[in-house]
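Report on the structure given below.
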Amino acid sequence: MSMMLLDQETKDALQQLYSETMEAMELAKKSPDLDDLAATFAVALLKLGLATGFVEQKYPGFAKDVEEKRQRVITALTQAQAAKH
């Protein structure tokens with residue numbers, strides 16, 4: 001889904017969630033502690049879930065589309081890995 005298709009409110013909300021997620025990932029790079037890394041990943045996953053839910057409210061079917069694409073990526077990666085062996 002292109003950002004051009006989204007209304008300004010959705011664009012702004014997604015940009016904020018993206019910025020917060022990137023900030024969390026930057027903090028993770030600075031800490032060698034696995035607990036901090038796990039917590040940071042948890043925050044990033046939460047933010048992605050919030051973003052998906054937010055878009056889903058305005059564009060029903062978006063979350064299903066994301067899940068279908070996630071499954072296709074997993075399948076492609078699995079096939080690529082199997083082809084290497």
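None of the values given here were measured: they were computed from a predicted structure.
Leu45 belongs to no multi-residue hydrophobic cluster, having no ILVMFWY side-chain contact under 4.5 Å with any other such residue. Grouping Ile, Leu, Val, Met, Phe, Trp and Tyr residues whose side-chain heavy atoms lie under 4.5 Å apart, directly or via other members, places Leu46 in a hydrophobic cluster with Leu17, Leu50. Other members of the hydrophobic cluster containing Tyr18, listed by chain and number, are Met22; membership follows side-chain contacts under 4.5 Å among ILVMFWY residues, whether direct or relayed.
For Glu67, the salt bridge (charged side-chain N to carboxylate O under 4.0 Å, His left out) partners at least two apart in sequence or on another chain are Arg70. Contacts of Ala13 classified as side-chain contact (heavy atoms from CB on, under 4.5 Å), with partners at least two apart in sequence or in another chain: Phe54. A search for side-chain contact (heavy atoms from CB on, under 4.5 Å) contacts involving Ala39 returns nothing, not counting sequence neighbours. Contacts of Glu9 classified as side-chain hydrogen bond (donor to acceptor under 3.5 Å, both in side chains), with partners at least two apart in sequence or in another chain: Lys58. Gln8 is linked by a side-chain hydrogen bond (donor to acceptor under 3.5 Å, both in side chains) to Asp12, counting only residues two or more places apart in sequence or in another chain. Remark: Glu20 engages Lys47 in a salt bridge (charged side-chain N to carboxylate O under 4.0 Å, His left out) (not counting sequence neighbours). Residues passing the side-chain contact (heavy atoms from CB on, under 4.5 Å) test with Ser19, sequence neighbours excluded: Gln15. Residues meeting the side-chain hydrogen bond (donor to acceptor under 3.5 Å, both in side chains) test with Gln57, sequence neighbours left out: none.
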Only distances under 3.5 Å count here; give the side-chain donor-acceptor pairs of residues 73-85 to other protein atoms, sequence neighbours excluded, each with its distance to 0.1 Å.
{"residue": "Thr75", "atom": "OG1", "partner": "Gln71", "partner atom": "O", "Å": "3.0"}
{"residue": "Thr78", "atom": "OG1", "partner": "Ile74", "partner atom": "O", "Å": "2.8"}
{"residue": "His85", "atom": "ND1", "partner": "Gln81", "partner atom": "O", "Å": "3.0"}

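Considering OG1 of Thr52 and OH of Tyr59, their distance stands at 14.5 Å, rounded to 0.5 Å.
The residues Asp7 and Lys11 are annotated as not salt-bridged, no charged nitrogen and carboxylate oxygen being separated by less than 4.0 angstrom.
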